[in-house]
Amino acid sequence: MRLSIIISILIPIWALSQTPSYSLGVNSKYHDFKRNWVTDDFRGTQIRVGSYLTLGNFGLYNSSWIGSNAILDYSSHGNIGSLGNKNMFIPNWNPGTALVMELDFVGGKLKGFNHTWNNSSNRVDFLDFEQIWELGKDNSFFLSNLGIGTTNPGSYKLAVKGKIRAEEIKVETGWADYVFKEGYDLPTLEEVENHIQEKGHLINIPSAKEVEENGIQLGEMNKLLLEKIEELTLYTLQQQHQIKDYEKTINQLLERVEVLERNTNNLKQ
């Protein structure tokens, strides 16, 4: 009698310890969560939700992974479990994707790796995964385009819908020192005046309508503004040379006038 009671107690406990199943919901609508030990030495565990989502850690690095329609196959190396980063992912159906999140306890970094493949019979080594982001106390990065305040960053690495406040912004771009090089086609002031009267803005500078529609490239606009400053500097230098030439001519004329006055006075005497 006592033995039968013990067996009746141990059987459900043993079953639950191997493949426990939890369901919640009403009217036969439920979610089934199953947990499977992957290795007998407890190197890693997996929690599978349905056939298409698997969560668990991998290898000896205490890292987590999320596989969408993918299974982490620990038996890929002779049923001895994973060796280092040698973790093989196999899709449960075509196609397969997996996201691995690795935590660096020493450096305080959380890294994300991603891989997508289409051949349902292919096993994919974790070393073939691509690192797509990293979060850390010193540096963080995302290899994908990032939107803040917008879900459509487009082709921009960083797209922000709203205001940005910063103490300093560094822009790496070309510069406008070509204005000072020999052979630069400096527009005459008459050409500048005609362009302003016809177009309503400076040469090479976008119009107010263009800026309203397309915005401005910060680095390119700073270069163009410097171009205008350097052109103004050349105009000023030209005027300075002209003034000096005028002064020289005036001084020569004054000297001639003085000579004429002296000659006139001598004739009168």
Side-chain angles (χ1 to χ4, degrees), residues 130-269:
E130 177 187 11
Q131 185 174 358
I132 56 177
W133 52 262
E134 179 173 308
L135 302 177
K137 63 179 182 179
D138 296 323
N139 296 295
S140 299
F141 65 83
F142 296 88
L143 294 185
S144 60
N145 297 344
L146 176 63
I148 299 178
T150 176
T151 58
N152 183 24
S155 60
Y156 297 98
K157 285 299 180 183
L158 174 62
V160 179
K161 185 177 181 181
K163 299 179 180 179
I164 299 177
R165 180 178 178 179
E167 293 183 357
E168 184 178 351
I169 297 177
K170 180 179 180 180
V171 179
E172 297 179 356
T173 184
W175 215 226
D177 288 346
Y178 51 79
V179 173
F180 295 144
K181 290 184 178 180
E182 185 177 354
Y184 177 71
D185 187 14
L186 181 67
T188 65
L189 290 176
E190 183 179 1
E191 290 174 335
V192 174
E193 182 181 14
N194 292 336
H195 189 279
I196 293 175
Q197 291 177 350
E198 180 182 354
K199 304 290 185 179
H201 57 86
L202 290 172
I203 300 173
N204 291 341
I205 299 297
S207 66
K209 182 179 180 181
E210 291 173 329
V211 173
E212 183 179 357
E213 292 177 352
N214 305 318
I216 61 171
Q217 300 288 341
L218 187 60
E220 179 67 15
M221 179 54 61
N222 275 276
K223 184 190 75 172
L224 292 176
L225 292 176
L226 179 63
E227 176 187 286
K228 298 304 137 187
I229 292 174
E230 292 184 349
E231 287 179 350
L232 285 172
T233 301
L234 291 180
Y235 293 136
T236 302
L237 291 174
Q238 287 179 352
Q239 291 175 348
Q240 181 67 21
H241 293 320
Q242 290 175 351
I243 291 173
K244 287 183 177 180
D245 291 339
Y246 292 152
E247 288 178 347
K248 184 178 179 181
T249 301
I250 291 173
N251 289 332
Q252 290 175 347
L253 290 174
L254 289 174
E255 289 177 358
R256 293 181 63 182
V257 169
E258 289 180 359
V259 171
L260 290 174
E261 287 181 349
R262 284 198 300 268
N263 292 336
T264 303
N265 292 331
N266 291 333
L267 290 174
K268 289 180 178 180
Q269 293 177 356

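Heads up: numbering here begins at 1 and tracks the sequence.
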Check your understanding: Is the count of non-hydrogen atoms from other residues, nucleotides or ligands lying under 6.0 Å from E190 atom CD greater than 12?
Key -> no

Practice item. Only counting residues at least two apart or in another chain, list the ones meeting side-chain hydrogen bond (donor to acceptor under 3.5 Å, both in side chains) with Y184. Key: E231

Check your understanding: With E227, which residues qualify under side-chain hydrogen bond (donor to acceptor under 3.5 Å, both in side chains), at least two apart?
Key -> Y178, N204

Practice item. Can you sort out the partners of E172 under side-chain contact (heavy atoms from CB on, under 4.5 Å), two or more places apart, ordered by chain and number? Key: K170

Practice item. Could you walk me through whether L146 and Y156 pass the side chain to side chain contact (heavy atoms under 4.5 Å, CB included) test, one step at a time? Key: CA-CA 8 Å; L146 176 63; Y156 297 98; over 6 Å; no

Review point. Do F141 and L143 have side-chain heavy atoms sitting under 4.5 Å apart?
Key: yes

Practice item. Step through the shown structure and confirm whether more than 12 heavy atoms of other residues, nucleotides or ligands are within 6.0 Å of CD on Q217. Key: no

Check your understanding: Any side-chain heavy-atom pair from L254 and I250 closer than 4.5 angstrom?
Key -> yes

Revision key, fill the gap. Heavy-atom nearest pair, N145 first then P153, reads CB-CG, 3.9 Å

Practice item. For H201 and H195, work out which heavy atoms get closest and say how close. Key: O-ND1, 2.8 Å

Check your understanding: Can you check whether P206 reaches M221 side chain to side chain, under 4.5 Å on heavy atoms?
Key -> yes

Exercise for review: Look up atom CD1 in I205 and atom CG in L224, then write down how far apart they are to the nearest 0.5 Å.
Suggested key: 4.5 Å

Point to revise | All side-chain contact (heavy atoms from CB on, under 4.5 Å) counterparts of R256, not counting sequence neighbours | key: none

Revision key, fill the gap. Output for pair (T188 OG1, N194 CG), nearest 0.5 Å, gives 7.5 Å

Check your understanding: When you look at N222 and V171, which way does the side chain to side chain contact (heavy atoms under 4.5 Å, CB included) test go after all the steps?
Key -> CA-CA 10 Å; N222 275 276; V171 179; over 6 Å; no

Review point. Which distance, rounded to the nearest 0.5 Å, do you find between the CD of Q240 and the OG1 of T236?
Key: 9.0 Å

Check your understanding: Out of curiosity, S144 OG to K157 NZ, how far, rounded to the nearest 0.5 Å?
Key -> 7.5 Å

Review point. What's the spacing between L218 CG and T173 OG1 if we round to 0.5 Å?
Key: 9.0 Å

Practice item. Mind running side chain to side chain contact (heavy atoms under 4.5 Å, CB included) on Y235 and L189 for me, showing each step along the way? Key: CA-CA 8 Å; Y235 293 136; L189 290 176; 3.8 Å; yes

Check your understanding: What do you reckon, is CD of Q252 surrounded by more than 12 foreign heavy atoms closer than 6.0 Å?
Key -> yes

Review point. With sequence neighbours excluded, what pairs up with Q131 under the side-chain hydrogen bond (donor to acceptor under 3.5 Å, both in side chains) test?
Key: E134

**Study point:** Spacing of L232 atom CG and Q239 atom CD [to the nearest 0.5 Å]
**Key:** 9.5 Å

Point to revise | Under the side-chain hydrogen bond (donor to acceptor under 3.5 Å, both in side chains) test, residues paired with E220 that sit two or more places apart | key: K223

Study note, to complete from the structure: Shortest non-hydrogen pair, F142 vs L135, comes out as CZ-CD2, 3.9 Å

Check your understanding: Is a side-chain donor or acceptor of K161 paired with a backbone partner of T151 at a separation under 3.5 angstrom?
Key -> no

**Study point:** Audit row: I216, E210, side chain to side chain contact (heavy atoms under 4.5 Å, CB included) steps and yes/no
**Key:** CA-CA 9 Å; I216 61 171; E210 291 173 329; over 6 Å; no

